[in-house]
Amino acid sequence: MSSDLSSRTNKERAVLVTAALLVLQLIILSLQVEGPSGTILFKTWALAAQAPVVAISSSIAGGIRHIWKGYIWMVGARAENQRLQEAVRRLLLSNGTYEQIRKENERLRRLVSLTESLPYESLSARVIARTPSFLSNVIYIGRGSKDGVRANEPVISGDGVVGRTVLVSARQSQVQLITNPDASVGAILESSRTPGVLRGTGDFLLDLNYIAHTVPVSVGDIVLSSGLDGIFPKGLVIGKVVDSQKGKGVFRSIKVEPAVDLIRLEEVAVLQVKPPDH
């Protein structure tokens, strides 16, 4: 009885061992067998099994690369934008500086051209200050007695008459503008050569007095200095007529706009009409 049981057990073991060996042999064979396309079947199975994992991994890696590249691009774009903005700012500043220099050169050329056409010595000067209220019609220039400036000398710009020096210190001078209520200039109408007197009003416009009703005066007529006041030489441009009407008396009521923009004045010249005292 025991011998039959032992024999049966040995047979079962033999069958199991044989089956295991057959499976192992099949696996070994599958590693060597090629499929229709020349690929080894085991490798094909392995690739098929890992394909979903590879796809998921590739998708995650691609997403991470996309996000990283996007972040890097945003950082780079932001830095580039800042560089471009700084470059634009520098260009605007340079352009503004160039435009200021161009305008200043243009003003100085007009001033030099005017002073060179006059038979007088002149001193160029910069406007260094003006009183807080423009209605006071006073400016200060950076030239004084040590530069040869004296009181009651005419001051001009490249566009025409500015005013006269009234107070002079060593290194600066006070200039009374022609719009000052206390200012007056001998004037003459360019078209008719009729003389009159221009007076400041404390405002932007001047009054041209002592022009009779019978004298034809039109808007746009040029007003020049007559030279009869003993300060301003004859023939300097003062302004143009902007209003002309009959007055209450025998004279016309005439308003004159100065040729010089006295509010934005920056450079002037002092004419030394009288010889210096010795």
Side-chain angles (χ1 to χ4, degrees), residues 104 107-188 195-210 222-239 256-278:
E104 181 178 359
R107 293 194 303 268
L108 290 174
R109 281 196 299 269
R110 293 199 305 270
L111 182 58
V112 170
S113 177
L114 178 57
T115 55
E116 287 182 346
S117 67
L118 299 173
Y120 309 107
E121 295 292 328
S122 64
L123 289 170
S124 61
R126 287 192 176 275
V127 177
I128 59 174
R130 62 178 68 240
T131 49
S133 172
F134 74 87
L135 292 177
S136 61
N137 297 288
V138 172
I139 61 172
Y140 295 85
I141 60 175
R143 292 280 198 171
S145 58
K146 288 188 177 296
D147 303 297
V149 178
R150 298 178 305 164
N152 286 322
E153 288 187 322
V155 179
I156 64 172
S157 78
D159 297 318
V161 175
V162 171
R164 64 184 179 94
T165 56
V166 288
L167 296 175
V168 179
S169 63
R171 292 299 182 188
Q172 69 179 33
S173 301
Q174 185 188 76
V175 177
Q176 180 193 72
L177 302 180
I178 55 175
T179 49
N180 191 292
D182 296 327
S184 61
V185 183
I188 187 172
V197 175
L198 270 174
R199 295 192 183 278
T201 63
D203 206 339
F204 295 104
L205 300 180
L206 311 171
D207 286 334
L208 179 56
N209 300 324
Y210 309 122
I222 302 299
V223 180
L224 307 174
S225 57
S226 66
L228 299 178
D229 51 35
I231 295 177
F232 296 94
K234 185 178 181 179
L236 297 176
V237 176
I238 301 175
V256 175
E257 179 182 51
V260 179
D261 185 350
L262 299 172
I263 301 300
R264 297 175 179 84
L265 193 61
E266 295 183 47
E267 304 91 12
V268 298
V270 181
L271 298 182
Q272 298 181 304
V273 177
K274 297 179 180 179
D277 296 331
H278 295 286

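Bear in mind the structure is a predicted one, so any value in this text is a computation, not a measurement.
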_Heavy-atom pair with the smallest gap, counting every atom of Gly186 and Ile238_ = O-CD1, 4.2 Å
*Under 3.5 Å, side chain of Asp147 to main-chain N/O of Gly144, donor-acceptor pair present?*
yes
*Where do Ala269 and Ser122 come nearest, in terms of heavy atoms and distance?*
CB-CB, 4.5 Å
*asked:* By the definition side-chain contact (heavy atoms from CB on, under 4.5 Å), identify the one residue from Val197, Val256, Thr201 that meets it with Asp207.
replied: Thr201
*Would you say Val161 and Val237 make side-chain contact, with heavy atoms under 4.5 Å?*
no
Only distances under 3.5 Å count here; give the side-chain donor-acceptor pairs of residues 163-172 to other protein atoms, sequence neighbours excluded, each with its distance to 0.1 Å.
| residue | atom | partner | partner atom | Å |
| --- | --- | --- | --- | --- |
| Arg164 | NE | Gln176 | OE1 | 3.3 |
| Arg164 | NH1 | Asn152 | OD1 | 2.2 |
| Thr165 | OG1 | Arg150 | O | 2.6 |
| Thr165 | OG1 | Asn152 | N | 3.1 |
| Thr165 | OG1 | Glu153 | N | 2.9 |
| Ser169 | OG | Gln172 | N | 3.4 |
| Ser169 | OG | Gln172 | O | 2.8 |

*Rounded to the nearest 0.5 Å, what's the gap from CG on Leu265 to CD1 on Ile139? Could you check?*
5.0 Å
_Asp229 side chain vs Ile231 backbone, donor-acceptor pair below 3.5 Å_ = yes
*Evaluate side-chain contact (heavy atoms from CB on, under 4.5 Å) for Leu206 paired with Ile178, printing each intermediate quantity in order.*
CA-CA 8 Å; Leu206 311 171; Ile178 55 175; 3.9 Å; yes
*Please report the C-alpha distance between Val223 and Leu198 in whole Å, then the side-chain angles of each, then the deciding distance to 0.1 Å, and finally whether the side-chain contact (heavy atoms from CB on, under 4.5 Å) criterion is met.*
CA-CA 9 Å; Val223 180; Leu198 270 174; 3.8 Å; yes
*Any luck finding a side-chain donor-acceptor pair between Thr179 and Asn137 under 3.5 Å?*
yes
*asked:* Please check this pair: side chain of Arg143 against backbone of Ser173, looking for a donor-acceptor N/O pair closer than 3.5 Å.
replied: no
*Could you walk me through whether Phe204 and Ile263 pass the side-chain contact (heavy atoms from CB on, under 4.5 Å) check?*
CA-CA 9 Å; Phe204 295 104; Ile263 301 300; 3.9 Å; yes
*With sequence neighbours left out, what residues match Asp182 under salt bridge (Lys or Arg N to Asp or Glu O under 4.0 Å)?*
none
*For the atom pair CG (Leu236) and CG (Leu224), what is the distance rounded to the nearest 0.5 Å?*
8.5 Å
*For the atom pair CD (Gln272) and OH (Tyr120), what is the distance rounded to the nearest 0.5 Å?*
12.5 Å
*Taking all non-hydrogen atoms of both residues, which atom of Pro233 and which atom of Leu271 are closest, and how far apart?*
CG-CD1, 4.0 Å
*Taking all heavy atoms of Ser157 and all of Val162, pick out the closest pair and write down the distance.*
N-CG2, 3.6 Å
